[in-house]
Amino acid sequence: MNTTATSRPLRRADSVRPFAVGAYGFVFLGIGHLALSTAMALATQTPQRREAGTAMRESTITLLGLQRTVLDVFHGISVAMALFIIACGLLLLTAVRHAPALVQRRTAFGWITLTLSLAALAVSVFLLPPPPIVVLTITSYAYALSLRRALPAARAGS
C-alpha cells in the first residue's frame, strides 16, 4: 500500500465526485441554454433576424393533424431539449447519491453516460457555438475520469 510522507495510507481516488461534476455540467448546460434563449427573445432584433423570423412564421408543418409554424417547432424543440438535459443531470445526481456503487465500479451506467456526453459533444462541435462545446468537453472528461477511477466491474459468478 502506498503511503504519504506522514505515513497515512493513500485512498483510491474517488469516482463519484467527477461523475457529479459531469451531471452538474448537464444541468448547467440546460439552464444556460434557457437563459440564452430568453435573452435572445428579449433582445432587439436585427433586420436579418426579423426577416428570418417572418419566413419561419409563414412556413408551417402539419403532422398528425397538428399545424405549427417552423418558428414554433424550432422554439418548442429548443426549450424541450433544454428541460430534458436539466432533468437528465438531476436524475444522474439523484441516482449516484442514492446508489454510488453505480459509478464506484465500471458499470454500464458510467459507460452509457460517457457515450451520450461524447455524442452530444460531437454534434456540438459541428453545429453549435463554443459554450456548449466547452461544457460538454468538461462533462465528457469528468465521466471518463470517473470511469478511470472506478474499480473494475464485478464479474458474474464472482
Side-chain angles (χ1 to χ4, degrees), residues 13-151 153:
D14 183 16
S15 59
V16 173
R17 286 179 195 223
F19 188 89
V21 168
Y24 277 115
F26 279 8
V27 173
F28 177 76
L29 182 64
I31 291 171
H33 180 79
L34 289 176
L36 180 62
S37 295
T38 301
M40 288 180 64
L42 298 174
T44 304
Q45 291 192 1
T46 64
Q48 294 86 358
R49 282 195 62 213
R50 205 171 8 261
E51 186 178 325
T54 299
M56 291 175 80
R57 278 187 211 83
E58 291 173 354
S59 182
T60 60
I61 297 172
T62 302
L63 183 62
L64 300 174
L66 293 174
Q67 186 174 1
R68 301 286 188 258
T69 68
V70 171
L71 187 62
D72 289 339
V73 171
F74 176 81
H75 288 305
I77 289 172
S78 179
V79 170
M81 290 298 104
L83 293 173
F84 184 76
I85 194 82
I86 293 168
C88 286
L90 294 174
L91 285 170
L92 290 170
L93 287 167
T94 302
V96 78
R97 179 174 183 208
H98 292 287
L102 288 170
V103 296
Q104 289 169 335
R105 292 206 172 268
R106 291 184 197 122
T107 65
F109 185 78
W111 288 108
I112 290 168
T113 306
L114 173 60
T115 302
L116 293 174
S117 186
L118 288 170
L121 175 60
V123 169
S124 295
V125 166
F126 290 106
L127 301 174
L128 299 175
I133 295 170
V134 171
V135 172
L136 288 165
T137 299
I138 293 168
T139 62
S140 297
Y141 177 78
Y143 293 134
L145 181 61
S146 175
L147 281 167
R148 178 155 169 47
R149 289 181 175 180
L151 297 169

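Positions are given from 1, in the same order as the sequence printed here. No experiment lies behind these values; they were computed from the predicted model shown.
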One should read off an interatomic distance between Thr54 OG1 and Gln45 CD, to the nearest 0.5 angstrom, of 8.0 Å
Taking every heavy atom of Arg148 against every heavy atom of Arg106, the minimum-distance pair comes out as O-NH2, 3.3 Å
Whether the side chain of Thr115 engages the backbone of Trp111 through a donor-acceptor N/O pair (distance < 3.5 Å, no angle test) should be reported. yes
Heavy atoms of other groups near Arg49 CZ, more than 12 under 6.0 Å: yes
Q. Does Arg57 reach the main-chain N or O of Gly53 with its side chain, forming a donor-acceptor pair under 3.5 Å?
A. yes
When rounded to the nearest 0.5 Å, the distance separating CG of Asp14 from CD of Gln104 is 7.5 Å
Interatomic distance, CG@Leu92 vs OG@Ser117, rounded to 0.5 Å, equals 10.0 Å
Value for CD1 (Ile138) from CD1 (Ile133), rounded to nearest 0.5 Å, stands at 12.5 Å
Sub-3.5 Å donor-acceptor pair from the side chain of Ser15 to the main-chain atoms of Arg149, do we have one?
no
- [ ] Kindly say whether Gly22 contributes a backbone atom to a donor-acceptor pair with the side chain of Tyr141 at under 3.5 angstrom?
- [x] no
Show the numbers, then the answer: is there a side chain to side chain contact (heavy atoms under 4.5 Å, CB included) between Val27 and Leu90?
CA-CA 7 Å; Val27 173; Leu90 294 174; 4.0 Å; yes
Between Ala82 and His33 the two heavy atoms that sit nearest each other are CB-CD2, 3.4 Å
Could you check if a side-chain atom of Leu136 sits within less than 4.5 angstrom of a side-chain atom of Leu128, using non-hydrogen atoms only? no
Item to complete: Give a yes or no on whether Glu51 atom CD has more than 12 heavy-atom contacts from other residues, nucleotides or ligands under 6.0 Å away.
Response: no
Closest non-hydrogen contact found for Ala150 with Val103 is CB-O, 3.3 Å
CG of Leu93 to NE2 of His98, rounded to nearest 0.5 Å, is 10.5 Å
So CZ of Phe19 and CG of Leu145: to nearest 0.5 Å the spacing works out to 12.5 Å
Any heavy-atom pair between the side chains of Leu116 and Phe26 that's under 4.5 Å? no
All heavy atoms of Pro100 vs all of Val16, minimum pair found to be CB-CG2, 4.1 Å
Discussion item. For Phe109, is the CZ atom crowded, meaning more than 12 foreign heavy atoms sit under 6.0 Å from it?
Written reply: yes
Leu83 and Leu34, any side-chain heavy atoms less than 4.5 Å apart = yes
